[in-house]
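For the numbers below, each heavy atom of this structure counts, side chains included, while hydrogens, waters and symmetry mates do not.
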Amino acid sequence: MPEGPSIVLLKEAAQQFAGQKIIAVSGDSKIDHSLLLNKKVLTFNSWGKHFLICLKDLTIRIHLLMFGSYRINEQKPGKTIRLSLRFKTGEINFYTCSIVYLPGDPGDHYDWSADVMSDEWDAGSARKKLKKRPGLMACDALLEQDIFAGVGNIIKNEVLYRIRVHPESLVNKLPAAKLKEMISESRIYSFQFLEWKRNNELKKHWLAHTKKLCLRCKLPFIKKYTGVKKRRSFICENCQVLYT
DNA sequence: TCCAATGTTTCGCC
DNA sequence: GGGCGAAACATTGG
């Protein structure tokens, strides 16, 4: 159940197989297994919530969606494997996920400057994209994968609480400094998420997401399904300013 | 026990 | 055919 940072952890865990040949393929995925057998994995990569297994001229794109999971060098008892890749030194197994092939080079398919976890992340580029979207709410903007690839609902809620912006604020009504803060904090928080997740302590750091009371003012959070995307937002109407 | 949820795609209607 | 919203998919913890 992954946002971008969780996919970075998957990439790290898979790294032990980089450069190795796929010696067996199984699973109920509809993709053509024969394109993988005996092929070498060049690199593991990620873009937002997409996990990428890069071969020569072919990339396997794995999206874990809401409920997907994986195991490395073990299996989930009694669960159907969507795709299993075996290497000389172990195996990686994926469950309940979307798997498609991307032909050619990953760079043909992805704008790396949009990925908040990428070295190539470009805040200025995000700002330009937001400028072209008048009427877009902050809550929807942060979930827009073309702009903030990797940001999911948890990161959305935590970023908006941190910067004290109401989720239903319109991005083109945010003061310039606030807009910049929203963009920069999306990356900063995502990297904190990564470290907390790595240490299995993510939840205890949540300040807004699923919370009942605002720690700053002690007033209750309003839970509301906001924006075009109608995703859960936790709002402190006292601390978070609505810009409209 | 039941329900909601770290997400995206597809279908059907206007 | 575009735009929209609902439905589909599917697992697990609270």
Checklist outcome for this item: Each base of DNA chain B marked ( ) or [ ] if paired in-strand (Watson-Crick or G-U under 3.5 Å), | if paired to another strand and . if unpaired gives .||||.||||||||
Next on the checklist: So, OP1 or OP2 of dA5(B): does either fall under 4.0 Å of a side-chain N or O from Tyr225(A)?
Outcome noted: yes
Checklist entry - Does a side-chain N or O from Lys223(A) land closer than 4.0 Å to OP1 or OP2 of dA5(B), or not? => result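 Answer is yes, contact under 4.0 Å.
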Please enumerate all protein N or O atoms sitting under 3.5 Å from an N or O of nucleotides 9-14 of chain B, with distances to 0.1 Å.
none

Next on the checklist: Checking one residue: Tyr161(A). Which other hydrophobic residues are in its cluster under the side-chain 4.5 Å linking rule?
Outcome noted: Leu207(A), Leu215(A), Phe221(A), Phe234(A)
Checklist entry - Which residues, ordered by chain and number, are linked to Leu42(A) in its hydrophobic cluster, where ILVMFWY side chains connect at heavy-atom gaps below 4.5 Å, directly or through other members? => result none
Item to check | Spacing between Arg232(A) atom CZ and dG14(C) atom P, to the nearest angstrom | outcome: 13 Å
Checklist entry - Are the side chains of Val151(A) and Val116(A) in touch, meaning some heavy atoms are under 4.5 Å apart? => result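 In short, these two side chains touch, coming nearer than 4.5 Å.
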Checklist entry - With a 4.5 Å heavy-atom cut-off, do Val228(A) and Met137(A) have their side chains touching? => result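 They are not in side-chain contact.
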Next on the checklist: Judged by each residue's nearest nucleotide on DNA chain C, which is more toward the 5′ side, Arg82(A) or Lys203(A)?
Outcome noted: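 So the residue in question is Arg82(A).
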Residues 8-29 of chain A, side-chain donor-acceptor partners within the protein, below 3.5 Å, at least two apart:
unit_1: Lys11(A); atom_1: NZ; unit_2: Ser46(A); atom_2: OG; d: 3.2
unit_1: Glu12(A); atom_1: OE1; unit_2: Arg198(A); atom_2: NH1; d: 2.5
unit_1: Glu12(A); atom_1: OE2; unit_2: Arg198(A); atom_2: NH2; d: 3.3
unit_1: Gln16(A); atom_1: OE1; unit_2: Asn73(A); atom_2: ND2; d: 3.4
unit_1: Gln16(A); atom_1: NE2; unit_2: Ala13(A); atom_2: O; d: 3.1
unit_1: Gln20(A); atom_1: OE1; unit_2: Lys88(A); atom_2: N; d: 3.3
unit_1: Gln20(A); atom_1: NE2; unit_2: Gln16(A); atom_2: O; d: 3.3
unit_1: Gln20(A); atom_1: NE2; unit_2: Thr89(A); atom_2: OG1; d: 2.8
unit_1: Asp28(A); atom_1: OD1; unit_2: Arg82(A); atom_2: NE; d: 2.7
unit_1: Ser29(A); atom_1: OG; unit_2: Ile31(A); atom_2: N; d: 3.2

Item to check | Verdict with supporting geometry, Lys76(A) and Ser69(A), side chain to side chain donor-acceptor pair (under 3.5 Å) | outcome: CA-CA 9 Å; Lys76(A) 294 177 82 169; Ser69(A) 59; 3.0 Å; yes
Item to check | Neighbour count >12 (heavy atoms, 6.0 Å) for atom NZ, Lys229(A) | outcome: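 Yes, NZ of Lys229(A) has more than 12 neighbouring heavy atoms, counting only those of other groups under 6.0 Å.
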Next on the checklist: Under 4.0 Å, heavy atoms only, any strand: does Lys76(A) hit a base, just the sugar-phosphate, or nothing?
Outcome noted: sugar-phosphate
Checklist entry - With sugar-phosphate meaning primed atoms plus P, OP1 and OP2, does Lys230(A) contact a base, only sugar-phosphate, or nothing at under 4.0 Å between heavy atoms? => result nothing
Checklist outcome for this item: So, with a heavy-atom separation below 4.0 Å from DNA chain B, the residues of residues 136-155 of chain A are Gln145(A), Gly152(A), Asn153(A), Ile154(A)
Checklist entry - For the side chain of Lys49(A), counting heavy atoms from C-beta on, which of dA10(C), dG7(B), dA4(B) is nearest? => result dG7(B)
